[in-house]
K.L.:
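Quick one: this structure, given as structure tokens, is what I'll be asking you about.
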Protein chains: 2
Amino acid sequence: MSTKKRHRVTLMQVAEHAGVSRATASLVARKSPKISKDTREKVLASMSELGYVYDRVAANLRSQTSTTIGIIITDVANTFYSELLLGVHEELERHGYTVFLGTTFDSVDNQERLISTMLEHRVGGIILCPVSSTSTETVNRIKTLDIPLVLAVRELPNLDFDYVGLDYTQGAQMGVEYLIKKGHKRIAFLGGRPQSSTWHQRIKGFYQAHEIAGLTVDPSLIIDSPPTREGGTEGVKNIIQHPNPPTAIFCFSDLIAFGAIIGLRKAGITPGEEMDIVGFDNVPETEISYPPLTTISSFSKQTGMQAAKLLHERIKDNQKETQKIILKPEIVIRD
Amino acid sequence: MSTKKRHRVTLMQVAEHAGVSRATASLVARKSPKISKDTREKVLASMSELGYVYDRVAANLRSQTSTTIGIIITDVANTFYSELLLGVHEELERHGYTVFLGTTFDSVDNQERLISTMLEHRVGGIILCPVSSTSTETVNRIKTLDIPLVLAVRELPNLDFDYVGLDYTQGAQMGVEYLIKKGHKRIAFLGGRPQSSTWHQRIKGFYQAHEIAGLTVDPSLIIDSPPTREGGTEGVKNIIQHPNPPTAIFCFSDLIAFGAIIGLRKAGITPGEEMDIVGFDNVPETEISYPPLTTISSFSKQTGMQAAKLLHERIKDNQKETQKIILKPEIVIRD
DNA sequence: AACATTTGTTAGATCGATCTAACAAGGAGG
DNA sequence: CCTCCTTGTTAGATCGATCTAACAAATGTT
């Protein structure tokens with residue numbers, strides 16, 4: 001948990017070696033234009049001779065600044081989140097931040113612990129993909145400390161934070177409308193947890209599409225399950241065993257859809273022929289899956305990039321009005 | 001790039017509020033048993049009343065310790081690496097480290113920059129998946145500073161560092177032997193960069209399998225390409241256009257294999273029937289790909305966990321002898 | 001020539017914690 | 001009663017940087 005270190009070369013030693021003061025050496029390290037060419041070169045020479053490494057931690061402490069930010073996601077192994085992470089990472093590294101990573105696996109305790117650790121490490125801001133049942137206190141703790149916070153993917157109701165997400169309702173509606181247009185009348189909704197805002201938004205779209213088409217939803221075809229591939233495989237069993245099974249499944253996520261495909265195959269049902277499936281997220285794997293998965297693109301990398309941009313802006317000015325960016329979904333049809 | 005922060009509540013203020021000295025408050029923060037129950041409770045009460053947040057950065061500076069480690073990988077969006085990251089992350093968080101993430105995209109410059117940043121942030125250790133053409137100076141810089149370093153996936157020749165990887169030679173040999181056993185006599189090797197040690201090791205296994213079976217390798221069937229899906233799609237064109245095409249392809253990685261599958265389909269060739277394919281890594285997507293991909297499991301998550309363990313041990317004792325852990329590959333046959 | 005301004009440099013205090021060594025207070029042992 | 005030990009607490013120095021304000025030296029202005 002902690003490491004003893006050999007003494008580093010300090011600015012003090014550099015200054016002594018170059019025959020200048022600490023302050024001057026510090027100004028050189030910070031590329032101040034106030035330093036004459038001569039002294040600058042002298043100091044730089046001493047730095048490289050002694051193998052000096054700038055101590056950003058000490059510098060940040062003194063100057064009350066931070067060059068780090070924290071990103072908290074649900075699961076790195078889920079490509080939706082790793083794409084999002086990629087977007088955040090690219091955008092923030094360009095601005096010189098170093099990124100602390102944390103993964104919650106959808107556990108409140110983990111999330112709480114990660115936030116604490118990051119605050120203790122003086123992050124300059126946090127991008128949070130909150131777990132389903134995040135409490136108001138959790139995020140307010142960050143707000144009280146005046147640490148910029150941007151929410152992504154899941155919105156927390158009635159809280160005034162920057163947010164980047166997708167119009168999940170519209171996405172779900174598009175997916176279900178596509179299935180209805182193909183002639184399906186009994187459609188299941190598989191996966192996700194009813195506690196989460198993203199689930200509610202999708203369910204809403206699911207109902208809306210039915211309503212517009214003049215169909216009624218059979219509530220017994222709404223099956224919730226953990227938002228993992230295993231969750232999909234397990235959950236689809238309820239659909240297979242249903243006394244009056246549906247002809248198509250709209251899945252909470254691609255991950256669920258992949259799980260469902262595996263589950264259907266195990267039961268001897270050919271996905272895509274005997275049972276139509278639509279996913280959500282358009283993760284990279286959809287390109288190589290079989291049957292090719294029709295899905296709703298949720299632009300995870302874009303989400304990450306936008307969140308990073310919002311965070312960057314908020315770090316520059318913590319007083320500005322909060323922004324909510326809602327990306328528009330697109331349907332990706334693969335037949 | 002840097003953030004002004006409001007003043008935090010400090011231990012000084014907590015001490016004043018509780019009517020004790022800074023030192024006592026500090027001992028309470030560190031859960032020292034030398035503090036009497038009465039004072040401890042008094043101080044803890046003041047802490048929560050004032051909303052105190054421990055400043056690990058200041059603490060680490062004074063005590064010359066670190067509670068962070070850096071992990072540098074090639075690409076988060078590549079599931080091989082995100083699984084590895086997951087392993088590292090789980091293991092090190094258990095020991096109380098916070099993780100700095102960096103991705104190189106296989107660029108020496110990025111790698112150099114990332115290492116610098118991490119050293120500047122006083123990481124307690126680094127796990128590095130080095131880019132193909134990593135120079136000796138790069139890693140020696142870390143060694144000179146006495147910062148524990150563990151290499152993963154790619155080994156750097158003649159350098160004495162802890163290392164976790166796979167027996168890539170044996171893995172490639174297993175894959176090619178499987179194809180030969182199925183009756184293939186002309187087999188292509190697709191993807192990867194000849195600069196990297198992992199490429200050499202796989203090529204060696206590729207040749208060995210041929211030799212054992214009494215077959216000769218046609219060097220014109222060895223096609224290199226960037227280790228990405230796009231690289232696979234591009235590279236496979238050379239195979240399709242070959243005057244005397246092979247009947248099977250052994251791919252550098254699953255990613256390459258997926259790219260090759262897409263490329264073959266585009267050219268109207270049915271992968272799995274007209275052209276046999278074997279991948280390498282056993283990334284999660286292989287389960288849902290079509291045709292089901294036979295592949296060599298390279299246990300990326302295990303690799304990450306082992307690397308994290310080695311790093312943890314080395315942080316505890318930087319003098320101990322270096323260890324090289326070579327995991328054994330397994331073939332995963334999906335027909 | 002006298003004064004104001006700019007330019008480059010610096011000593012000393014400071015960020016928020018820990019470390020060192022010293023110090024009271026209380027009890028045990030002679 | 002005095003000494004020795006233990007237990008709990010603390011003042012002052014310190015980690016490696018930056019900040020403030022002050023200061024010579026060089027330059028510009030009248």
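What you see below is based on every heavy atom in this structure, not just the backbone, and it leaves out hydrogens, waters and symmetry mates. Note on naming: letters A, B, ... go to the chains in the order of the sequence lines (proteins, then strands), and numbering restarts at 1 for each one.
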K.L.:
Mind checking B:Ala59 for me? I need base, sugar-phosphate or nothing, with any heavy atom below 4.0 Å counting as a touch.
P.N.:
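B:Ala59: backbone/sugar contact only, no base atoms under 4.0 Å.
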
K.L.:
What is the nucleic acid contact for B:Arg22, judged by heavy atoms within less than 4.0 Å: base, sugar-phosphate only, or nothing?
P.N.:
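Base, at least one base heavy atom under 4.0 Å.
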
K.L.:
Using a cut-off of 4.0 Å on non-hydrogen atoms, how would the nucleic acid contact of B:Leu61 be classed: base, sugar-phosphate, or nothing?
P.N.:
base

K.L.:
What's the CZ-P distance between B:Arg62 and C:dC15, to the nearest Å?
P.N.:
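It works out to 17 Å between those atoms.
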
K.L.:
Whole angstroms only, please: what is the CD-C1' distance between A:Gln64 and C:dG16?
P.N.:
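A:Gln64 atom CD is separated from C:dG16 atom C1' by 8 Å.
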
K.L.:
Side chains of B:Gln13 and B:Arg8: donor-acceptor distance under 3.5 Å anywhere?
P.N.:
no

K.L.:
Could you state the CG-C1' distance from B:Asp55 to D:dC15, rounded to the nearest angstrom?
P.N.:
13 Å

K.L.:
Should A:Glu16 and A:Arg22 count as an ion pair when the cut-off is N to O under 4.0 Å?
P.N.:
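So A:Glu16 does not pair with A:Arg22 through a salt bridge.
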
K.L.:
Atom CD of A:Glu16 to atom P of D:dA17: distance rounded to whole Å?
P.N.:
13 Å

K.L.:
Rounded to whole angstrom units, what separation is found between the CG atom of A:Leu11 and the C1' atom of D:dT14?
P.N.:
16 Å

K.L.:
What's touching nucleotides 7-9 of chain D from the protein side, N or O pairs under 3.5 Å?
P.N.:
unit_1, atom_1, unit_2, atom_2, d
D:dT9, OP1, B:Ser36, OG, 3.2
D:dT9, OP1, B:Thr39, OG1, 2.8
D:dT9, OP2, B:Ser36, N, 3.1
D:dT9, OP2, B:Thr39, OG1, 3.1

K.L.:
Let's see if you can work this out: which of C:dC19, D:dC19, D:dG16 has an atom nearest to the side-chain heavy atoms of A:Ala58?
P.N.:
D:dG16

K.L.:
Report the distance from atom CG of A:Leu310 to atom CG of A:Leu149, rounding to the nearest 0.5 Å.
P.N.:
11.0 Å

K.L.:
Can you check the B:Met12 CE to C:dA13 C1' distance for me, whole Å?
P.N.:
14 Å

K.L.:
To the closest 0.5 Å, what do you measure between OG (B:Ser132) and CG (B:Asp106)?
P.N.:
4.0 Å

K.L.:
How many angstroms lie between atom CZ of A:Phe105 and atom CG of B:Leu86, to the nearest 0.5 angstrom?
P.N.:
4.5 Å

K.L.:
Using the six-membered ring wherever Trp is involved, compare the ring planes of A:His312 and A:Tyr97 and label them parallel, tilted or perpendicular (cut-offs 30° and 60°).
P.N.:
perpendicular

K.L.:
Is the shortest heavy-atom distance from the side chain of B:Val139 to the side chain of B:Leu159 under 4.5 Å?
P.N.:
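Yes, at least one pair of side-chain atoms sits under 4.5 Å.
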
K.L.:
For B:Gln13 and C:dG16, give me the distance from atom CD to atom P, rounded to whole Å.
P.N.:
8 Å

K.L.:
Side-chain N or O of B:Arg122 less than 4.0 angstrom from OP1 or OP2 on D:dA17?
P.N.:
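B:Arg122 to D:dA17 OP1/OP2: no side-chain N or O under 4.0 Å.
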
K.L.:
Would you mind telling me which residue lines up with the more 5' stretch of DNA chain D, B:Gly19 or A:Val53, judged by nearest nucleotide?
P.N.:
B:Gly19

K.L.:
How many Å lie between CG on A:Asn60 and C1' on D:dC15, as a whole number?
P.N.:
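Result: 15 Å.
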
